Amino acid sequence: PFWVEQGVICEFSRYKATMSFFASARASSVAVRPALRPTIARASQVKQALVASSRTRSVPQPVFLAPRMRGFATSRQSWEAGDDVDLDSVAYGYMASQSLFCALELGVFDHIAASSGGAATAAALQKACGISSPRLQTLLTSLVAIKCLRLNAEGLYTLSPNTAKSMVVSSRHYYGDYLRYQIGRQFYHTMGSLADVMKTGKAPSYASWFSDPETAKTYTQAQHNGSVATAKYLVKKKLQLGDVSSMLDVGGGSGAFSYVFAGATPGLKSTVLELPLVCNIGETIRAQQPEDIRDRVSFVELDATSPDWPVEDASFDIVLMSYISGSVPEPIITKLYANAHKALRSGGRLLIHDFMVDDSLDGPALGALWALQHVTVNADGLGLSPKEVISRMGSAGFEPKSCETMEMIHGMTKLIVAHKA
């Protein structure tokens with residue numbers, strides 16, 4: 001029904017305003033012009049609909065706000081929808097994201113998935129989460145409202161399809177740890193300093209950020225699962241590795257891309273350059289890999305922004321930089337690409353995978369917002385686009401005309417491949 005789809009509060013306000021105007025018109029003997037008659041009809045239709053809705057139990061009863069309060073705008077499916085900003089959805093979006101992160105911390109989704117029939121009551125979830133206070137009910141209501149959960153007439157909570165697919169530990173598509181640990185515990189809080197960083201230009205570097213063992217551990221472990229999935233997609237759908245034998249994984253974190261590339265290419269050996277604490281964590285993850293892959297991936301301690309890399313010139317078929325270009329100060333990007341050019345054999349490829357917007361600089365939204373998030377830990381960084389990356393590749397010795405641009409994670413990341421002559 002239109003009164004639900006367009007918002008009862010909005011329609012009721014229009015109805016009141018319209019009726020008030022025409023009441024004044026009648027009182028002052030002002031004739032109603034024919035052009036305004038459809039508006040009267042519309043107002044009457046709204047009134048009838050509101051009355052009908054109040055008599056029908058299947059339609060939620062409208063809650064009318066006090067005179068000086070505002071109703072929230074209907075949330076859009078994405079920031080790109082519509083011709084103008086949905087201010088309420090943007091401004092209050094942090095409440096929804098924290099609801100999701102909190103549910104992951106408490107194991108709400110896993111508890112529901114493990115319940116008989118994949119459904120649980122609020123009382124059962126209170127017991128499972130160890131929270132008897134009404135505040136858990138408030139969280140559950142929020143999760144239903146943002147469509148992470150569903151609530152039936154019997155009071156049973158079930159998972160939405162997307163939640164069941166991606167937020168339950170036992171699912172092979174699970175990436176809840178990435179959201180829980182990296183986004184919820186780390187990046188969410190750094191974004192709170194964005195205005196200060198913008199004004200002062202001062203922010204911690206990734207190197208200083210990762211000097212804390214707990215931070216390095218949380219970030220690297222959370223990133224691992226997501227990176228494995230991205231690497232598999234790259235190898236399967238985007239890139240033909242061909243007959244390559246050596247790879248340099250610059251700032252490779254846990255080594256996720258190296259494990260996937262080695263698994264897809266018999267005989268391929270990969271060297272991961274990383275910060276010392278990250279290397280330590282990477283070694284623990286490497287130890288969990290199959291023996292054949294484990295033996296072909298090694299870690300070397302290095303801040304990738306260092307002018308000299310501890311590798312031989314012209315000794316690699318592939319140099320990979322995933323999420324590195326947007327994480328270093330802008331003047332360093334070309335130097336990184338120049339080091340990659342030196343490390344590659346003739347015919348070798350430089351792979352740049354990162355958050356990027358289109359060259360038109362008008363989106364996509366998530367690519368733009370991720371670049372903005374990086375400002376909080378990289379105040380002098382560059383918001384990346386294919387044009388900006390390729391121009392720096394050209395300055396580092398690669399042929400810009402031969403560079404290839406591919407969409408990776410839709411609306412967020414792109415892959416740019418450069419070839420050494």
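Any value given below was found using the heavy atoms of this structure, including those in side chains, with hydrogens, waters and symmetry copies removed. The model shown is predicted, which means the values in this text are computed figures rather than measured ones.
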query = Between Val300 and Cys279, which heavy-atom pair has the shortest distance, and what is it?
reply = O-SG, 3.7 Å

message = Within the supplied structure, the quantity of interest is the number of heavy atoms (other residues, nucleotides, ligands) at a distance under 6.0 Å from Asp295 CG; does it exceed 12?
response = yes

remark   = Residue set satisfying side-chain contact (heavy atoms from CB on, under 4.5 Å) with Cys129, at least two apart, ordered chain then number -> Leu106, Val108, His111, Ile131, Leu136

ask   = Is there a donor-acceptor contact under 3.5 Å from the side chain of Asp303 to the main chain of Leu275?
value = no

request  = Of all the heavy-atom pairs spanning Gly255 and Asp249, show the shortest one and how long it is.
outcome  = CA-OD2, 4.4 Å

ask   = Would you say Tyr233's side chain and Ile409's backbone share a donor-acceptor pair under 3.5 angstrom?
value = no

ask   = Which atom names give the shortest non-hydrogen contact between Ile146 and Ser99, and what distance separates them?
value = CD1-CB, 4.1 Å

request  = Side-chain contact test, heavy atoms from C-beta onward, threshold under 4.5 Å: evaluate it for Tyr337 versus Ser395 and give yes or no.
outcome  = no

key: Exceeds 12 heavy-atom contacts within 6.0 angstrom, atom CG of Asp243   = no

task = Say whether, by atom type as modelled, one donor and one acceptor occur between the side chain of Lys420 and the main chain of Gly348 under 3.5 angstrom.
result = no

query = Roughly how far, to the nearest 0.5 Å, is NZ of Lys147 from OG1 of Thr163?
reply = 11.5 Å

ask   = Do the non-hydrogen side-chain atoms of Arg345 and Asp317 ever get within less than 4.5 Å of each other?
value = yes

message = Side chains of Ser270 and Phe261, heavy atoms from C-beta outward: is any pair under 4.5 Å?
response = no

message = Using a 3.5 Å distance criterion without hydrogens, assess whether the side chain of Arg150 forms a donor-acceptor pair with backbone atoms of Thr158.
response = no

query = Taking atom CG of Leu234 and atom NE2 of His353, what is their separation to the nearest 0.5 Å?
reply = 7.0 Å

inquiry  = So, using side-chain contact (heavy atoms from CB on, under 4.5 Å) as the criterion, who are the partners of Arg296 when residues are at least two apart?
reply    = Ala262, Leu268, Lys269, Asp292, Ile293

query = Are the side chains of Glu274 and Thr220 in touch, meaning some heavy atoms are under 4.5 Å apart?
reply = no

Atom of Thr376, atom of Ala203 and distance for their closest heavy-atom approach = O-CB, 3.4 Å

query = Which atom names give the shortest non-hydrogen contact between Gly394 and Pro400, and what distance separates them?
reply = CA-CG, 3.7 Å

inquiry  = Measuring from atom CG of Leu104 to atom OH of Tyr181, what distance do you get when rounded to the nearest 0.5 angstrom?
reply    = 9.5 Å

task = Please report the closest heavy-atom contact between Pro331 and Asp380, naming both atoms and the distance.
result = CD-O, 4.5 Å

query = Considering residues, nucleotides and ligands other than His410, do more than 12 of their heavy atoms fall under 6.0 Å from its NE2?
reply = no

task = Verify, without hydrogens or angle tests, whether Ser385 (side chain) and Asp358 (backbone) share a donor-acceptor contact under 3.5 angstrom.
result = no

key: Between CG on residue Leu151 and CG on residue Leu149, distance to nearest 0.5 Å   = 9.0 Å

remark   = Residue pairs passing the side-chain hydrogen bond (donor to acceptor under 3.5 Å, both in side chains) test with at least one member in residues 307-316, sequence neighbours excluded, are none

task = Step through the shown structure and confirm whether more than 12 heavy atoms of other residues, nucleotides or ligands are within 6.0 Å of OH on Tyr175.
result = no

Lys238 side chain vs Glu407 backbone, donor-acceptor pair below 3.5 Å = yes

Other residues, nucleotides, ligands: >12 heavy atoms within 6.0 Å of Lys414 NZ = yes

ask   = Would you call Glu404 and Arg349 a salt bridge, taking side-chain N to carboxylate O under 4.0 Å as the test?
value = no

ask   = With side chains defined as the heavy atoms from C-beta onward, is the minimum distance between Leu384 and Phe355 less than 4.5 Å?
value = no

inquiry  = Quick one: does any side-chain atom of His374 pair with a main-chain N or O of Gly326 as donor and acceptor, under 3.5 Å?
reply    = yes

ask   = Using the benzene-type ring in the case of Trp, are the ring centres of Trp370 and Phe187 under 6.0 Å apart?
value = yes

query = Between Leu143 and Tyr157, is any pair of side-chain heavy atoms under 4.5 Å apart?
reply = no

Side-chain donor-acceptor pairs of residues 120-128 under 3.5 Å, sequence neighbours excluded:
residue	atom	partner	partner atom	Å
Thr121	OG1	Ala124	N	3.1
Gln126	NE2	Ser133	O	3.3

key: Identified side-chain contact (heavy atoms from CB on, under 4.5 Å) partner of Leu336 from the options Ile352, Val328, Leu350, Val319   = Val328

ask   = Does the Glu399 side chain pair with the main chain of Lys401, one donor and one acceptor, at a distance under 3.5 Å?
value = yes

request  = Keeping to residues at least two apart or across chains, list the side-chain hydrogen bond (donor to acceptor under 3.5 Å, both in side chains) pairs with something in residues 193-204.
outcome  = none

ask   = Got a sec, which pairs hit salt bridge (charged side-chain N to carboxylate O under 4.0 Å, His left out) with one end in residues 98-110, sequence neighbours left out?
value = Glu105-Arg180, Glu105-Arg185

ask   = Can you find a heavy atom in the side chain of Thr190 that is under 4.5 Å from one in the side chain of Gln373?
value = yes

message = Whether Arg286 and Glu283 form a salt bridge (side-chain N of Lys/Arg under 4.0 Å from carboxylate O of Asp/Glu) is what I want to check.
response = yes

key: Check: Val297 and Met247 side chains under 4.5 Å, non-hydrogen atoms   = no

